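The block underneath contains the structure these notes are about, expressed in structure tokens.
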Amino acid sequence: MIRLRLYTTLGCHLCEQLEALLVTLCATPYRLDRVEISDDDVLVERYGVRIPVLVDEAGEELDRGMEPERLAGWLADRGWLDEAAWQQLQQQLSGETSPETVKGATLRGGRRYLG
């Protein structure tokens, strides 16, 4: 199991988007440690305009991981990308398939929920 750290803050919708993508795209079991930056002035200074920031065990950071292409590339570089899920997500984002075909997604009331 890999350990990842997510620098975040309460109510960060971009952080929630990254977490949903991570559930879909990461093929390796992981533990996600969330670090609340608002509790620490140093963290606010470092990450305040960059969140969400995802960090691997080696300390390598990913800014803007809520962008599917960036997260997929970062995961692929580490051998953690679920290639089939990424292909399905790309098809869904391009309008080639419906949202319910994405791994772990359900469609309710016209909205896609990852779970």
Side-chain angles (χ1 to χ4, degrees):
M1 177 175 289
I2 57 175
R3 287 189 72 170
L4 301 172
R5 209 169 334 123
L6 176 62
Y7 288 96
T8 185
T9 194
L10 185 64
C12 175
H13 70 284
L14 297 176
C15 301
E16 292 171 3
Q17 186 175 338
L18 182 145
E19 286 190 57
L21 285 170
L22 192 60
V23 166
T24 301
L25 296 178
C26 191
T28 303
Y30 63 90
R31 176 179 171 183
L32 184 63
D33 296 320
R34 292 167 193 84
V35 179
E36 174 60 53
I37 67 167
S38 68
D39 296 336
D40 185 323
D41 291 339
V42 174
L43 293 178
V44 169
E45 180 70 26
R46 182 171 182 184
Y47 296 110
V49 297
R50 297 174 48 210
I51 61 170
V53 176
L54 190 61
V55 183
D56 67 12
E57 293 170 312
E60 296 292 321
E61 296 181 350
L62 171 67
D63 292 349
R64 297 188 328 269
M66 71 286 184
E67 296 173 3
E69 298 81 11
R70 292 181 56 78
L71 179 59
W74 192 82
L75 291 171
D77 288 347
R78 288 152 181 79
W80 301 337
L81 179 64
D82 182 331
E83 295 285 346
W86 175 228
Q87 289 176 351
Q88 286 180 333
L89 183 59
Q90 286 177 301
Q91 291 173 348
Q92 191 265 323
L93 292 171
S94 68
E96 294 177 31
T97 61
S98 61
E100 62 271 10
T101 63
V102 176
K103 176 180 111 180
T106 58
L107 193 62
R108 292 191 305 257
R111 298 188 73 175
R112 180 173 57 102
Y113 295 88
L114 300 175

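All of these numbers come straight from a predicted model, not from anything done at the bench. In this chain, residues are counted from 1 in sequence order.
Here Gln90 contributes atom CD and Gln88 contributes atom CD; the two are 11.0 Å apart, rounded to the nearest 0.5 Å. Atoms OH and CZ, from Tyr30 and Arg3 in turn, are 14.0 Å apart once rounded to the nearest 0.5 Å. One distance of note links CZ of Arg5 with CD of Glu61; it measures 8.0 Å at 0.5 Å rounding. Note that the CG atom of Asp63 and the CH2 atom of Trp74 stand 11.0 Å from one another [nearest 0.5 Å]. A distance of 13.0 Å separates CD in Gln17 from CZ in Arg64, rounded to the nearest 0.5 Å. Separation of atoms CG (Asp33) and CG (Leu6) is listed at 10.0 Å; rounding is to 0.5 Å.
Under the 4.5 Å side-chain contact rule for hydrophobic residues, Leu18 and Val23 share a cluster. Residues Ile2 and Val53 do not share a hydrophobic cluster, defined by chaining ILVMFWY side chains whose heavy atoms lie under 4.5 Å apart.
Under the 4.5 Å side-chain criterion, counting only non-hydrogen atoms from C-beta, Asp56 is in contact with Leu4. With contacts defined as side-chain heavy-atom distances shorter than 4.5 Å, the pair Leu10/Ser38 does not qualify. Between Leu89 and Leu21 the shortest side-chain heavy-atom distance falls below 4.5 Å. Here the side chains of Leu14 and Ile51 are not in contact, with every heavy-atom distance at 4.5 Å or above. The shortest distance between side-chain heavy atoms of Glu60 and Leu62 does not fall below 4.5 Å. Under the 4.5 Å side-chain criterion, counting only non-hydrogen atoms from C-beta, Leu75 is not in contact with Trp86. Proximity of Glu36 to Thr9: side-chain heavy atoms (C-beta onward) are separated by under 4.5 Å at one or more points. In this structure the side chain of Leu71 reaches within 4.5 angstrom of the side chain of Leu54, judged on heavy atoms.
Using cut-offs of 30° and 60° on the angle between ring planes, the pair Tyr7 and Tyr47 is parallel.
Residue-environment remark: CG (Asp39) exceeds the threshold of 12 foreign heavy atoms within 6.0 Å.
For the residue pair Thr8 and Cys15, the shortest heavy atom distance occurs at OG1-SG, 3.1 Å.
Between the side chain of Arg70 and the main chain of Met66, no donor-acceptor pair closer than 3.5 Å is present.
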